[in-house]
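Letters A, B, ... mirror the listed sequences (proteins, then strands); counts begin at 1.
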Amino acid sequence: MATTAPHPGEEGPRRDFIFVAAISASAVGAGLAVWPFVNSMNPSRDVLAEATAEVDLTPIEEGQRITVLWRKKPVFIDHRAPAKIEEAEGVALGDLKDPQADADRVQRKEWLVLIGICTHLGCIPQGQRVGERLGDFGGWFCPCHGSHYDTSGRIRKGPAPKNLDVPPYSFISDTTIQLG
Amino acid sequence: MAGGPARQYNNRLIRWVEYRMPIFSAVEATIGRDMPTPKNLNYWWSLGSVLFLALIIQIATGIFLAMHYIPNGAMAFDSVEQIMRNVNYGWLLRYVHANGASLFFAAVYLHILRGMYYGSYKAPRELLWIIGVVIFVVMMATAFMGYVLPWGQMSFWAATVITNLFSAIPLVGNGITTWLWGGFAVDSPTLQRFYSLHYLLPFVIFGISLLHVWALHVHGSSNPVGISTRSKQDTIPYHPYYTSKYMSVIGLSFIVLAFLVFYEPNFLSHPDNFKPADPLQTPANIVPEWYFLPFYAILRSIPDKLGGVVMFGASIAILFLLPWLDTSRVRSARFRPTYRYFFWIFVLDVIILGWVGAQHPEGASLLIGRLATAYYFAHFVIILPFVGWFERPRPLPESISKPVLKSGAAVAEAAE
Ligand code: HEM
Ligand code: FES
């Protein structure tokens, strides 16, 4: 006990082991200690709790678009006229940057439901209010960096990489949808 | 100890402290006794002092603004109006803070261009340059987060667009933006964390500036001629020579700042920021503060999301590599006949990018933006290495004092 190095040959590796073990344990400990700090910045429980929103579709006339807020995000609801539906269905998938058929983006043809956030850098595209630009493809136009979306909310021109997202929703009656 | 024999101080209080904690000699050891400085520094070397002053102004006004400001999505906009209308001299504090940020960036851009013209980033000052670029990056983060605080329309949408840059990262991008926001969109939690960081980062800048100055004083200032100091003849003490010379530039900066604050306080700000943040309506044209425009133009000129973000980052990160991209051993552009032209073309290119950044990203300005972006990068990765190889620099003077003294000039010519 009193002597520090009884077996000089063994002493080195044993100390090395303790050294490496101590360093690794502290590194793991430090890593674990960081997590609460990092995770404290993620959405808090009250933010996550904002679950669902119901939207009554009856007042929305054909050709009209409205915006509702869900999870602090704008949701576009578009009551599409037949011409717009035809236009959306007529596009060849090969012409699309993010190929997706119109049928895969709607539950009922006349109701297009989208998250109204440009997939480029998060601006809200124009086209919801009367008189705003619809872009070159009759859907929406994002003024921030010039992205054009078609009548199915698909990206056709500009820097945005993806189509406008379709939020999870369901028809709880013929005239009401529930978002979330 | 560290630097030569211990110094005897005349002041008794200093002696008393020095005996217990040798802080005065420690400072002298890093900056050198009397701070010997090349004797040929011109006014472009005053910008470091202006920057230090700008930082102090921002911290001082910021601390007092923070006593009245409320970092909450529902109250922030009104609290800034409260500062403007009801708080005694609140308008002064805010206008000095907002325009002070512009002064800060104007000074830092001139400071960086000074470094580029006179080759201040070359050996042995590479690390000094890198620390400077780090300060610049932290400054940009600080100013961006500060701009979000008044919670007007531009604040909100600038925050949205810039945080969304991270969503371009493959796979984890969306998780990162949610984490940055503390929600599913920019909202009060985002504002609160930005406020926390906006308060913190200026002090981080202060700390890094001390490293910057430490690195500076190891080899001393560079100078317009770009050759190293050889003898005592080449230097003069910083004080009183440069303190008095730079005082005039500091006075001029104060005049410019005062003119903006008292006559045109909103000249550099955007009218949309007088509207409270509205998460349902994006302004027709989102423009950042003037000091971000060139980089914003680069971001927008790439027609691909990830590509735009990568080039945006690269346009700043490339400054870190400047000491190695410039292959010429000659520091000062005074002796580099070819580089000198390219330097001014580069300055023009950045100004064009700034103009493009304020336009709608369509038509001619989009095309000009793309060309200017291409040139920006070409300057660093093609022109600088290439010019360094083929350019024949003009002969350098033997020492700093030589071209200054009449007889020295003759000697330098004879030595050619
Ligand atoms: C590197 C130094 C700093 C820079 C570049 C900077 C920049 C800015 C900018 C651009 C704004 C927006 C001004 C406006 O449009 O209203 C702002 C706001 C603000 N800053 Fe700073 N700031 C700095 C340091 C600080 C410090 C140290 C504090 C606190 C101790 C602070 C506290 C505030 C507050 C409370 C606001 C919101 C009130 C307002 O909008 O005027 N700042 N800052
Ligand atoms: S955010 Fe829509 S185009 Fe950039």
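Contacts with chain B (heavy atom to heavy atom, under 4.5 Å) involve these residues of residues 74-93 of chain A, listed by number: A:Pro74. Heavy-atom proximity under 4.5 angstrom to chain B picks out A:Thr119, A:His120, A:Leu121, A:Gly122, A:Cys123, A:Ile124, A:Gln126, A:Arg129 from residues 105-129 of chain A. Scanning residues 157-171 of chain A against chain B with a 4.5 Å heavy-atom cutoff picks out A:Gly158, A:Pro159, A:Pro161, ordered by number. Listed by sequence position, A:Glu132, A:Arg133, A:Phe141, A:Pro143, A:Cys144 are the residues of residues 132-144 of chain A in contact with chain B, using a 4.5 angstrom heavy-atom cutoff.
The minimum heavy-atom distance between B:Thr178 and A:Asn42, with the atom names listed, is C-OD1, 4.5 Å. A:Lys73 and B:Phe184 make their closest contact through CE-O, 3.2 Å (heavy atoms, listed as atom of the first residue, atom of the second, distance).
Side-chain contact between B:Trp179 and A:Val38: present, with at least one pair of heavy atoms (C-beta onward) separated by less than 4.5 Å.
For the set B:Val309, B:Asp187, B:Leu306, B:Val287, the entry with the most heavy-atom pairs within less than 4.5 Å of chain A is B:Asp187.
For B:Ser167, the part lying under 4.5 angstrom from a heavy atom of chain A is the side chain only. For B:Leu165, the parts lying near chain A are the backbone and the side chain together; criterion is any non-hydrogen pair under 4.5 Å. Residue contact with chain A, scored on non-hydrogen atoms closer than 4.5 Å, is absent for B:Phe156. Both the backbone and the side chain of A:Lys72 come within less than 4.5 Å of a heavy atom in chain B.
Within 6.0 Å of the CZ atom in B:Phe166, the count of heavy atoms belonging to other residues, nucleotides or ligands does not exceed 12. Residue-environment remark: CZ (B:Phe206) stays at or below the threshold of 12 foreign heavy atoms within 6.0 Å.
At distances below 3.5 Å, at least one donor-acceptor pair connects side-chain atoms of B:Arg193 with backbone N or O atoms of A:Met41.
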